[in-house]
Structure formats: C-alpha cells, structure tokens
Amino acid sequence: MTPSALSTAIRACLRDAVAAGDLAVSVPEEIRVERPRQREHGDWATNVALQLAKAAGRPPREVAELLAARLGEVPGVKSVDVAGPGFVNITLDAAAAGELARDIVEAGSGFGRTQGGAGQRVNLEFVSANPTGPLHLGGTRWAAVGDSLARIIAATGADVTREYYFNDHGAQIDRFARSLLARARGQEAPEDGYGGQYIADIAARVIADAAAAGEPDPLGLPEAEAQEVFRARGVDLMFDEIKTSLHDFGVDFDVYFHENDVHTSGAVDRAVTRLRELGHIDDADGAVWLRSTALGDDKDRVIIKSDGEAAYFAGDLAYYLDKRERGFDRVVIMLGADHHGYVGRMMAMCAAFGDTPRENLEILIGQMVNLVRDGQPVRMAKRAGTIVTMEDLVDAVGVDAARYALARSSVDSTIDIDLDLLVKRSNDNPVYYVQYAHARISGIVRNAGAAGVAMADAFDPALLDDDTEAVLLAALGEFPRVIAQAAELREPHRVARYLEELAGRFHKWYDTCRVTPRGEDPVTDTHRTRLWLAEATRTVLGNGLDLLGVSAPERM
RNA sequence: GCGCUCGUAGCUCAACGGAUAGAGCAUUUGACUACGGAUCAAAAGGUUGGGGGUUCGAAUCCCUCCGAGCGCACCA
C-alpha cells in the first residue's frame, strides 16, 4: 500500500465517522502521512487528529481513537496505535507493503514521476555568469543545483526550460577586452581588469586565430579596433569554454539568451512603453525611472540614464517581459547571495507588469561557496587569478562527486570546500555510499542469475516480513513525495538526503536478508521475492541519482 | 546607519510547526568461512548563539540582543 493510498483510506475513515455522527468537522482535502522517526512507531503515522481536535471540540486522543478504530478495519492495515498527544501510528501487512516492490519494478524509470506540475511552463535561469572568466566554484554550485532542480521539476510533469543569460553588453566586457589586449602586448592587466593564466591563453588564441584566418595582426590595428577584435573574439572564446565546461559537467542549457539582443531588438523600448502605459514610469532629471517604491522597492530605479543609455536594469525588464511573452507562466531565477539586493526591484518590476510576485517570478537566493585551505578561508579574486574553477573541482574529484557534494546541501547555507581535503579523502563524499548501494545490487542481480534465482518464477510479497524489509519498503514508497516536495520547495538537496537514507536502509537489509541462497541451500520463493525488492531499490536509486545528474554505476 | 541571509555534535551538513534534534567524517569497540567490507553492529559526542513570546507542541513562527556573510549607484 502506498502512502497516497493510505492517505485516501484515512480520509474515507474520517468521512465515515462524520457521516455516522461520531465527529463534527470538515475533513481536510489532504492528509499527511509520514514516516515516524522511531521504527517502533510503525510504518506510517498521521497527526491529523491533533489538527482536527480543536475544530471538533474534542481532546486529540479521542479523535485519534475514533480514527484508529475505523482504520484498523481497512484491508492491508495490520495494526493501528494511538500514541503520545494523539498521533495515529499505522503498521501494514507485509503483503500489502510488499506489493510496492512489484509496482516499482514495473514502473521502472517512471517511478517517482508525478503529474502535480502538469501544464506549468517553467523557465529556470541559472549560472548566467559573465563571460569574463572561467566558471568559479559559485557558478559551479548553481550549475549543479539548477540542473538538478530542472530535472526534479520536470519529474512533476512540468515543462522546464533551462536558460543562461549571457551578459555580453557593458563595461565589464570592455574591461575584459582591455585586459586581453594588455596581456597580448605583454603589459600588466589594467587596474580594474582581469588577471590569471586564462587571459594570456585567450589573448594568444585571438592572435593565432587571426593569423590562421589570414586576417591582419590585431596588435597592429589602431587602439579602438584592436580592442574591438579582442572583445568580440575573446567573449566568443570565453563563452565557448564555459559552455564546454558545463557540458562536461552534464549541464546543457536550452536557451543562451544574449543581453545584447534586448538592446538591439527594441525590446527595452517596448518594455518601457508598456510600463508607461501602465502608469509606472516617471521622467525626472533627464532620466526615465521605474516608480518601484510604490511596489515595495527601497528606491525608484533608473531605466534610461540621462545620457540616453539604457541602465543595466533595463535589460532585466525587457528580458523578463520576453520570457513571459514566450509563454512561461513561472519565471525562476537563481542568484548568488551577492545579488540579493536585486530581489526588491525585480519583484516590483513583476508587479508593475501586472504579474504576481513570487508566483510568476521567483528568485532563489543561494549562499556562497567558501574556499578553504588548511582550515583557513581563501579569498577568490579574478584579478589576482586566485579563482578555483569548475574544472579544478572536477579534476580533483570527478563530476559525480562534485555535483553530488554541491547539490546535497540546502542553498540557504554557505558551504566550505577544501580542495586539498577532497583530493586526499574523496571517499568522504556520501555519493560513494549511494553509488555503492547501486553497484552492489547490480552485483546481486548478476549473481542471482548464476544462482538460478529468477524474478519471473515468483513474487509473494507476504514473504517480505523482515523488519529491515518493512523499513526499506517504507523508504521506497516515499520517493514520489520526496520529488514532489523537492520540486515545490525548489530544494534538490532533499533528493540527495533521501538517497543516502535509502542506501542505508538497503545496506542494513542486505546484511540481514540474503537474495541468493548460501552454498548448496535450495532456491525458495523468498529468494525470488527478495530479488524483486533488490531490483526495486536499484530502480529508485538509479532514478534518484539521475535527478541529480550523477551516474548510477553497475560496478565500482 | 538601513536591509537581506545565516548561526545545530570537534569538522562538513540534515531535520512539511511534531514524538527521544539526525547522518557522514574524525574518536573508541566489535563483525572478515565477504550474494561486493566503498559494508554492518555499538559507544561517545548537543542548553539548536543568548534571552523573552506565540501553542497541545518551537531548531523551525514573532520580538530582542550577540556574532558572521552579503548588499545598499543615472556600475554592470
């Protein structure tokens, strides 16, 4: 019996109680069924009695008793207990619980997918790092978390587009170009420019590419033209490098949106016109302003500067409108904590367009990644060239370990990465624990074939009566809800944490229950049925790892 | 000064407002005739930064103080 089936049964019991006049409350639409922390409390528990007690005007325990009496009659329910202030603890028949193993195997890669997000069109923007240098650890975190989140939201039936806002317009790109040019001439990076080996590499490639194409040496051009060559070619090379790094990291975007486009296409003008019609524009001091204070922002924002140039924020306006016009009803943007100051104006903009903040536009703020060496924080600086890049991290621990380590923590917490420690003791990463469980089951399945244990010969869920099996089955049954919750809360780390727990349940079960007979012992239906459970576990581990963009190895 | 985010075991981190706050690493002790020991069993480790409040119940919500990070441009 699945948690959702149990939840439905509980609702039916409560309605019966109301119909019989035993209880005077309105039955909630959704009843939470959760796994108790303590195993002794049964397979599942609900606190619905505690929640209904006040409305019913009865002590919680009395409501719980009413529910327990009816629930005990439901087929598949073995026993029901009332505990503590009014929790209802439920234990299922082994057979009813064990059916889940077959359901999972039959659902295969589809197990865990739901339809709660069906019909939603979600645009998820993440990374969006400027093409002035390679991706650093912060961008790497958003790549891992954002891509996983995209997979998770898609698993709830929503249509998800991954998008990268490519900032190829403005002053920092000019600084990047000047830095390249300076390096190509053998000079120091400008005061406000960028340093590091990659600048030298790219500068050299710009010159080499020009020579290969039979173009004049950029260094021989007049200053402005030379800088333009280094700007255009340098940005392209840098961006290709970023794309390649992301691809190697298992992250591919559906749309790379160029900031330049909103400025050249007239999109900014259209957005301003629209806002003017809606009455949110002020003209003052020769500039055009969004009157965002009226919509909750700290201060009004300049859109068009008094020199006639569009402010950076103008691009945001046009870009948001563009996403909405492309049909996305949910625009989600992941930003680092250093950009949290944008939230106010972005939400005000959303409201100005007549949309609903936090519904049509969501901004997820993630905390920073600190680089640590010998227990001491190391500051990363592009100019000094002391950045640790995505490729450094991947070189140190590999894609799987890197993605997992970054995705298993809530983005609300800053995380510390000690590269030296990771290289030395890469087995610290819990990803190996989860992957090992998957590989171990794969080994079992290989051995089972050789030992003559075949799933096709039998499936008798009542034989899954060991305590470790009840615990494992309960964990397996939670998978769809874990995904749904991770999607709803935008918290991919829940999937990782769940997998660690599931792997733990599996390892404990493995220690207690054999799938293939020992020595010359005969093959029984118990072995065959356990093979179903092993396969079900492997399915869920594999599906879960896939949501994190981590491989599920058959051997390690 | 104002604002946002955060403060949980020695370390890195979990915990829809729920029961005795949990894992991993590190430490200590067991299980190697092992379906893969990258495992399992057990011990130890906490006033959830301090103090108030809300309620059947608070790490979680509210107030306040302390501490940390990050923001507060007609820069991008």
Side-chain angles (χ1 to χ4, degrees), chain A residues 32 34 36-38 40-41 45 47 50-51 53-54 59-61 83-87 89 130 132 167 169-175 259 284-289 298-299 301-313 315 336-344 365-368 370 372 375 377 405 408-418 421 425-430 432-433 435-437 439-448 450-451 453 481 485 488-489 493-494 496-497 500-501 503-504 506-508 510-519 527 530-531 534 555-556:
Chain A
R32 300 189 84 98
E34 55 192 14
R37 292 193 188 178
Q38 271 72 40
E40 313 84 73
H41 292 150
N47 62 354
L50 287 161
Q51 287 166 348
K54 190 170 276 181
R61 282 196 67 103
F87 292 101
N89 294 331
N130 293 336
T132 53
N167 187 323
H169 180 95
Q172 48 195 337
I173 296 293
D174 293 340
R175 285 201 289 273
E259 182 192 359
D285 306 327
V288 178
W289 300 71
D298 315 358
K299 50 190 75 170
R301 305 292 173 178
V302 169
I303 303 175
I304 308 295
K305 297 186 279 185
S306 52
D307 64 4
E309 290 291 313
Y312 180 80
F313 185 45
D338 51 341
H339 288 86
H340 71 255
Y342 287 25
V343 176
I365 297 297
Q367 298 300 307
M368 316 298 271
N370 295 321
V372 178
R408 77 184 286 266
S409 296
S410 160
V411 294
D412 286 344
S413 54
T414 56
I415 50 178
D416 293 342
I417 297 277
D418 188 326
L421 207 65
R425 301 198 309 243
S426 59
N427 276 9
D428 284 0
N429 195 319
Y432 299 107
Y433 185 76
Q435 286 185 315
Y436 179 63
R440 204 177 206 186
I441 297 172
S442 299
I444 291 173
V445 171
R446 286 192 294 268
N447 292 334
V453 181
R481 239 179 2 166
Q485 191 183 29
E488 193 183 326
L489 299 175
H493 76 276
R494 290 174 182 277
R497 298 290 169 163
E500 288 167 33
E501 191 185 334
F506 163 74
H507 286 307
K508 283 181 177 67
Y510 170 89
D511 223 50
T512 311
C513 299
R514 292 189 62 93
V515 175
T516 59
R518 190 190 296 274
H527 297 118
R530 284 175 179 169
L531 186 55
R555 300 172 203 269
M556 290 174 71

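Below, chains carry the letters A, B, ... as their sequence lines are ordered, and counting in each starts from 1.
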Q: Work out how far the P atom of U27(B) is from that of G22(B), and round it to whole angstrom.
A: 24 Å
Q: Strictly under 3.5 Å: I want the nitrogen or oxygen pairs between protein and nucleotides 70-73 of chain B, one per line.
A:
unit_1, atom_1, unit_2, atom_2, d
C70(B), O2', Ala337(A), O, 3.1
C70(B), O2, His340(A), NE2, 3.3
C72(B), O3', Lys299(A), NZ, 3.1
C72(B), O2', Lys299(A), NZ, 2.9

Q: Within the structure shown, what part of the strands sits under 4.0 Å from Gln485(A) by heavy-atom distance: base, sugar-phosphate, or nothing?
A: sugar-phosphate
Q: Who passes side-chain hydrogen bond (donor to acceptor under 3.5 Å, both in side chains) against His507(A), sequence neighbours left out?
A: Arg440(A)
Q: Taking a pair as Watson-Crick (N1 to N3 plus N6-O4 or O6-N4) or G-U wobble (N1-O2 and O6-N3), both under 3.5 Å, which stems of 3 or more consecutive pairs involve RNA chain B?
A: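 RNA chain B stems, ordered by first number: B:1-7 with B:66-72, B:10-13 with B:22-25, B:27-31 with B:39-43, B:49-53 with B:61-65.
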Q: Could you measure between the two C1' atoms, the one in G17(B) and the one in U12(B), and give it in whole Å?
A: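 It works out to 27 Å between them.
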Q: Say you pick atom C1' in G30(B) and the same atom in C35(B); how far apart are they, in whole Å?
A: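 Each nucleotide's C1' atom is 23 Å from the other's.
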Q: Test of understanding: with side-chain hydrogen bond (donor to acceptor under 3.5 Å, both in side chains), list the residues that count as partners of His169(A), not counting sequence neighbours.
A: Asn260(A)
Q: Mind checking the P distance from G49(B) to A9(B)? Whole angstroms is fine.
A: 8 Å
Q: In Å and rounded to the nearest 0.5 Å, what is the CD to CE distance from Gln435(A) to Met556(A)?
A: 5.0 Å
Q: I'd like a list of close polar pairs between nucleotides 7-12 of chain B and the protein, N/O only, cut-off under 3.5 Å.
A:
unit_1, atom_1, unit_2, atom_2, d
U12(B), OP1, Asp416(A), OD2, 3.3

Q: Can you tell if the side chain of Asp285(A) reaches within under 4.5 Å of the side chain of Ser306(A), non-hydrogen atoms only?
A: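 No. Closest side-chain heavy atoms not under 4.5 Å.
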Q: Taking atom P in both G69(B) and U64(B), what distance in whole Å separates the two?
A: 22 Å
Q: On the nucleotide A15(B), are OP1 or OP2 found under 4.0 Å from the side-chain N or O atoms that His493(A) carries?
A: yes
Q: Which residues satisfy the side-chain hydrogen bond (donor to acceptor under 3.5 Å, both in side chains) test with Glu501(A), sequence neighbours excluded?
A: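 Result, side-chain hydrogen bond (donor to acceptor under 3.5 Å, both in side chains) vs Glu501(A): Arg35(A), Arg505(A).
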Q: With rounding to whole Å, what would you report as the distance between G46(B) and U8(B) at their P atoms?
A: 15 Å
Q: Using a cutoff of under 3.5 Å, can you pull out all pairs of nitrogen or oxygen atoms linking the protein to nucleotides 39-43 of chain B, with atom names and distances?
A:
unit_1, atom_1, unit_2, atom_2, d
U39(B), O2', Arg440(A), NH1, 3.1
C40(B), OP1, Tyr433(A), OH, 2.4
C40(B), O2', Asp511(A), OD2, 2.7
A41(B), OP1, Lys508(A), NZ, 3.4

Q: Under the side-chain hydrogen bond (donor to acceptor under 3.5 Å, both in side chains) rule, collect the residues that match up with His527(A), sequence neighbours excluded.
A: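 If we apply the side-chain hydrogen bond (donor to acceptor under 3.5 Å, both in side chains) test to His527(A), skipping adjacent residues, the hits are Thr524(A).
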Q: In this structure, how many angstroms lie between the P atom of A14(B) and the CG atom of Asn429(A), rounded?
A: 14 Å
Q: Can you list the residues that meet the salt bridge (Lys or Arg N to Asp or Glu O under 4.0 Å) rule with Arg175(A), with sequence neighbours excluded?
A: none
Q: Measure CE/Met556(A) against C1'/G36(B) and give the value in whole Å, please.
A: 11 Å
Q: Nearest whole Å is fine: how far is A38(B) P from Ile444(A) CD1?
A: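 Interatomic distance, CD1 of Ile444(A) to P of A38(B): 14 Å.
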Q: Give me, pair by pair, the N or O atoms of the protein and of nucleotides 58-61 of chain B that are less than 3.5 Å apart, along with how far apart they are.
A:
none

Q: When the C1' atoms of C25(B) and C62(B) are compared, how many Å lie between them, rounded to an integer?
A: 37 Å
Q: Check salt bridge (Lys or Arg N to Asp or Glu O under 4.0 Å) between Glu500(A) and all other residues, then give those that pass, not counting sequence neighbours.
A: Arg408(A)
Q: Is the distance from OP1 or OP2 of A15(B) to the nearest side-chain N or O of Arg494(A) less than 4.0 Å?
A: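 So the side-chain polar atoms of Arg494(A) do come within 4.0 Å of the phosphate oxygens OP1 or OP2 of A15(B), strictly under.
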Q: Taking the P atom of each, how far is U60(B) from U47(B), in whole Å?
A: 16 Å
Q: Please report the interatomic distance CG(Asn130(A)) to CD1(Ile173(A)), rounded to the nearest 0.5 Å.
A: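 Output value for this atom pair is 6.0 Å.
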Q: Write down the protein N/O and nucleotide N/O pairs, taken from nucleotides 53-57 of chain B, whose separation is under 3.5 Å; answer none if there are no such pairs.
A:
unit_1, atom_1, unit_2, atom_2, d
C56(B), OP1, Lys54(A), NZ, 3.3

Q: Applying a 4.0 Å non-hydrogen cut-off, can you work out what Glu34(A) is touching in the nucleic acid: base, sugar-phosphate, or nothing?
A: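 The residue Glu34(A) makes base contact.
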Q: Considering just the side-chain nitrogens and oxygens of Ser410(A), establish if one lies under 4.0 Å of OP1 or OP2 belonging to A15(B).
A: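 No, because none of the side-chain N or O atoms of Ser410(A) sits under 4.0 Å from OP1 or OP2 of A15(B).
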Q: Could you tell me whether Ala405(A) contacts a base, only the sugar-phosphate backbone, or nothing, with contacts defined as non-hydrogen atoms closer than 4.0 Å?
A: nothing
